[in-house]
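Hydrogens, waters and symmetry mates are skipped; everything else that's a heavy atom, side chains included, is used. All residue numbers in this chain count up from 1 along the given sequence.
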Amino acid sequence: MSSRSSADNAREIPEATVARLPVYLRALTGLTESGVATCSSEELAAAAGVNSAKLRKDLSYLGSYGTRGVGYDVEYLTYQIAREIGVTHDWPVVIVGIGNLGHALANYSGFRSRGFRVVALLDADPSRAGEEVAGIAVQSFDRLEEIVTEHGVAIGVIATPAPAAQDVADRMVAAGISSILNFAPRVLAVPPGVDVRKVDLSIELQILAYHEQRKAAIEQPAQLEPEHAEQTEHAEQCVPAVDGALAQEVLS
C-alpha cells in the first residue's frame, strides 16, 4: 500500500468522489463484519454499487492503489477513508426542531458509530422543554449560541418546518456553525464558507416515481394489441405540430 504524499495532501478531491467515500466506508464496514480481510476492487465496487474503474479512480485520490494480486487491505482502507472524511474525530452535533423527524434523528444510532455525537436537542416550542429524547433533554432554541460555544459545535441539523428553516440557519451561522444538514423543504441562503447539505425525502420519492412511470411507459407499447397500437399512432399524427416536442416526451 502506498501512503499519501504531500502532493496528494495538497490535491483537491472532486465533490463527486467525496460523496462516494461514505458509501465505500459503509461497504468496507460490511466486509469487516463478514470477516473479510482483503478484497479486490471488483468485490468492493460490487458491495458499494459502483463500477470498479470509478472506484479505483476515487481511491487514487487517497494515494491508495491496493496491492496487485492481493487487493485492498480492508482494515487499512477503512481507516484511510474514515480519516479522509473526518469520522475518526468526535464531532459534536446539535439538532434543531424536535418534531417527528427530529425524534427519529435523535434516536438514530448511526450518528455515534460514525463519529458524530449529538450534544443538544433544541426546539422553539416551550412545551417541549425538558422532554427527553434518546436520553437527551430538549432545551430551548434560545440556548443555541451558548451550546455551540460550550461544545465547540461545527455541525448543525435543521429538522424544523420550512418557514422557520432560514431563521434557524441564520442563527446557526452567527453562532459559529459552519456546516448544516438541512431536512426542511426549503433552499437556504448562507454566506461563503458555510456548507449546506439538503435532504428532501419528498424529492427522492418523486424521482423514484418518475423512474417507475418511465418503466411503465416503456413496457406499455409491448403490451398493446395491434389495433390499439394503430390508434396510438393515429393519435400521435393528430397532435398539433407546435406541441410536437411535448407530445413526443409524453408518448415516449
*With a 4.5 Å limit on heavy-atom distance, are the side chains of D73 and T78 in contact?*
no
*asked:* How long is the straight-line distance from CG of L201 back to CD of Q206, given to the nearest 0.5 Å?
replied: 11.0 Å
*Do V153 and V119 have side chains that get closer than 4.5 Å, going by heavy atoms?*
yes
*Will you find, in the side chains of T17 and D58, an N or O donor that is under 3.5 Å from an N or O acceptor?*
yes
_Qualifying residues under side chain to side chain contact (heavy atoms under 4.5 Å, CB included), relative to A27, sequence neighbours excluded_ = L44, A47, A48
*Could you tell me whether a side-chain N or O of R128 sits under 3.5 Å from a main-chain N or O of V138, the two making a donor and an acceptor?*
no
_When you group the ILVMFWY residues by side-chain heavy-atom contacts below 4.5 Å and let the links chain together, are I147 and L105 in the same group?_
no
*Co-membership, hydrophobic cluster, residues V199 and I85, 4.5 Å side-chain*: yes
*Any chance you could measure F116, atom CZ, to Y108, atom OH, to the nearest 0.5 Å?*
10.0 Å
*Which pair of non-hydrogen atoms, one from L77 and one from L59, has the smallest distance, and what is that distance?*
CD2-CD1, 3.8 Å
_Tell me the closest heavy-atom pair linking L31 and C39, and the distance in Å._
CD1-SG, 3.9 Å
*Of the non-hydrogen atoms in M172 and V96, which two are nearest, and what is the gap between them?*
CE-CG2, 3.5 Å
*Kindly compute the distance separating CG (L101) from CD1 (I95), expressed to the nearest 0.5 Å.*
9.0 Å
_Listed partners of F183 passing ring-ring contact (aromatic ring centres under 6.0 Å, His included), at least two apart_ = none
_Short N-O contact, R56 and E42, less than 4.0 angstrom_ = yes
_Smallest separation among heavy atoms of D125 and D123, with atom names_ = N-OD1, 2.8 Å
*If you take all heavy atoms of A165 and I158, which pair is closest and at what distance?*
O-CD1, 3.9 Å
*Within the 6.0 Å centroid threshold, strictly below: Y76 and Y79*: no
_Min side-chain heavy-atom separation L62-I13 under 4.5 Å_ = yes
*asked:* Using a 6.0 Å distance limit plus a 45 degree cone around the ring axis, check whether R171 lies over the aromatic ring of F141.
replied: yes
*Are V148 and V190 connected in the hydrophobic side-chain network, where two residues link if heavy atoms are under 4.5 Å apart?*
yes
*Donor + acceptor pair across side chains of H103, E131 (<3.5 Å)*: yes
*asked:* Let me confirm one number: the CD-OH distance from E43 to Y72, rounded to the nearest 0.5 Å.
replied: 11.5 Å
*Establish whether V18 and I155 are linked, either directly or via other cluster members, by ILVMFWY side-chain heavy-atom contacts under 4.5 Å.*
yes
*If you round to the nearest 0.5 Å, how far is CD of Q80 from OH of Y24?*
14.0 Å
*Does L188 share a hydrophobic cluster with V194, counting links as ILVMFWY side-chain heavy atoms below 4.5 Å and allowing steps through other members?*
yes
*Would you indicate whether the side-chain heavy atoms of I98 and V133 approach each other to under 4.5 Å?*
yes
*What is the distance from atom OG1 of T160 to atom CG of L122, rounded to the nearest 0.5 Å?*
12.0 Å
*asked:* How close do A106 and A134 get, counting heavy atoms only, and between which atoms?
replied: O-CB, 3.3 Å
*Check whether any side-chain heavy atom of N182 sits under 4.5 Å from a side-chain heavy atom of R197, and report yes or no.*
no
*Just by modelled atom types, is the A184 backbone N or O under 3.5 Å from a matching donor or acceptor in the K198 side chain?*
yes
_Please determine whether side chain to side chain contact (heavy atoms under 4.5 Å, CB included) holds for the pair V93 and R117, giving the CA-CA distance in whole Å, both sets of side-chain angles, and the decisive distance to 0.1 Å._
CA-CA 6 Å; V93 175; R117 176 170 51 92; over 6 Å; no
